[in-house]
Amino acid sequence: MAQLSLQGVGKTFRGRAGAWEAVREVCLDIAEGEFLCLLGTSGCGKTTVLNMVAGFEAPTAGRILLDGREVARPGAERGVVFQGQDSLFDWLSALDNIAFGLRLRGVGRRERREAARRYLDMVGLGGQGAKHPAELSGGMKQRIQIARALANDPRILLMDEPFGALDAMTRAGLQTEFSRIWRATGKTVLFITHDIEEACALATRVAVMTRGPGGRIKAVLPVDLPFPRDRTSDAFMAVFREVHALIHAEIAGQGAA
Ligand SMILES: Nc1ncnc2c1ncn2[C@@H]1O[C@H](COP(=O)(O)OP(=O)(O)OP(=O)(O)O)[C@@H](O)[C@H]1O
Ligand SMILES: [Mg+2]
């Protein structure tokens, strides 16, 4: 059985601007331990899908099952890393940001500081836990977000373009690092991106969405390449080209309907 199952999921927003169908009939099964990249152009509905899986928004059609039970609200078994870099608490140190969820759950001070330090080390920021968000670079903030999500020991990580705002070099470094963490922890990951190379470098499967409105899953491609991935290999290039062709058709407007 799939750990996470999206069954005919749709979302139509109704607001002052009228009704807007963001996504339509999204069907996707994600197995435990899988790294699924949801790839699509800007505005196709990626964040909308993630928000529904996270339980922040309810679908207006279909249903989302987690271990066979319908998702109705956020839960600690789903850890979220948000799009952008502003979701850390400015008034807390990096370490206290990481420990925040543990504090909410009543974990004692010593235990949560130990755990927070462990995850700080894991994301390569050992010794920098006293810094506040304003004293961190963009890449460091993203690492703290990842450490914060991992500290709660979720079963599934939901990540919305976590490296989207970073320069190419920082981004490639964090991709490699996070891929290693994923392999070490065995978490299920639903990772959103609009970067084809990122998807091919990280995913066990890539789900390509059509452009909106009414974004759907256009194709799901397995990426059967060993880790760590060699981005210059012919096999990698072949997968890249395949995914690129699917996305390019969307950008060119041939994929809609
Ligand atoms: N709360 C909302 N109310 C009305 N429309 C919304 C709302 N949230 C999203 N939308 C619309 O739904 C569509 C999909 O938005 P979404 O944020 O899911 O796109 P995305 O794929 O994450 O884009 P990006 O790559 O730019 O982050 C957009 O047209 C957007 O305007
Ligand atoms: Mg988005």
Side-chain angles (χ1 to χ4, degrees), residues 4 6-28 30 35-64 71-74 78-88 138-139 141-142 145-146 149 156-168 171 174-175 178 189-203 205-221 243-244 246-257:
L4 185 64
L6 284 75
Q7 304 180 345
V9 172
K11 179 75 180 178
T12 299
F13 291 105
R14 286 172 212 284
R16 271 183 297 184
W20 183 267
E21 186 184 31
V23 293
R24 183 193 306 168
E25 296 226 2
V26 171
C27 296
L28 202 57
I30 303 177
F35 197 128
L36 189 123
C37 277
L38 191 58
L39 180 75
T41 55
S42 181
C44 75
K46 302 181 296 298
T47 297
T48 302
V49 170
L50 183 123
N51 282 339
M52 289 190 285
V53 174
F56 301 144
E57 298 262 12
T60 47
R63 51 187 204 153
I64 299 173
V71 165
R73 61 187 70 81
R78 282 158 287 152
V80 183
V81 176
F82 294 95
Q83 188 167 16
Q85 296 171 7
D86 299 323
S87 85
L88 295 175
K141 282 191 244 187
Q142 289 310 92
Q145 268 215 69
I146 292 168
I156 306 184
L157 274 172
L158 307 174
M159 307 178 76
D160 192 356
E161 306 210 34
F163 311 138
L166 305 174
D167 67 90
R171 187 179 180 129
L174 272 181
Q175 287 163 356
F178 182 65
V189 180
L190 173 58
F191 187 107
I192 283 172
T193 182
H194 59 246
D195 183 319
I196 302 170
E197 183 178 331
E198 178 167 80
C200 296
L202 297 174
R205 282 192 304 154
V206 178
V208 180
M209 286 183 74
T210 63
R211 62 177 188 168
R216 290 172 289 112
I217 305 287
K218 174 176 182 155
V220 183
L221 280 94
V243 177
H244 184 272
L246 286 166
I247 282 286
H248 193 75
E250 290 308 312
I251 297 167
Q254 300 156 5

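Hydrogens, waters and symmetry mates are skipped; everything else that's a heavy atom, side chains included, is used. Residue indices begin at 1 and follow the sequence shown. Note that ligands are numbered from 1 as they come in the structure, with each ligand's atoms numbered from 1 the same way.
Counting only protein atoms, the N, O or S atoms lying less than 2.8 Å from the Mg ion (ligand 2) are T47 OG1, Q83 OE1, ordered by chain and residue number.
Residues P162 and V81 approach most closely at CB-CG1, 3.9 Å, considering heavy atoms. The minimum heavy-atom distance linking F163 with Q175 is given by the pair CD1-CG, 3.8 Å. Nearest heavy atoms, R24 versus R216: O-CG, 2.8 Å. Closest approach of P59 to I64, counting heavy atoms only: CG-CD1, 4.1 Å. In plain terms, the two heavy atoms of A219 and L246 that are nearest each other are CB-CD1, 3.9 Å. Closest heavy-atom contact between M52 and V71: O-CG1, 3.8 Å.
Residues that satisfy the side chain to side chain donor-acceptor pair (under 3.5 Å) test with K11, not counting sequence neighbours, are E57. Among residues two or more places apart in sequence or in another chain, the side chain to side chain donor-acceptor pair (under 3.5 Å) test is passed with T193 by E198.
Atom CD of E25 has 12 or fewer neighbouring heavy atoms from other residues, nucleotides or ligands inside a 6.0 Å radius.
Every protein residue with a heavy atom nearer than 4.0 Å to ligand 1 is included here: F13, W20, A22, T41, S42, G43, C44, G45, K46, T47, T48, Q83, E161.
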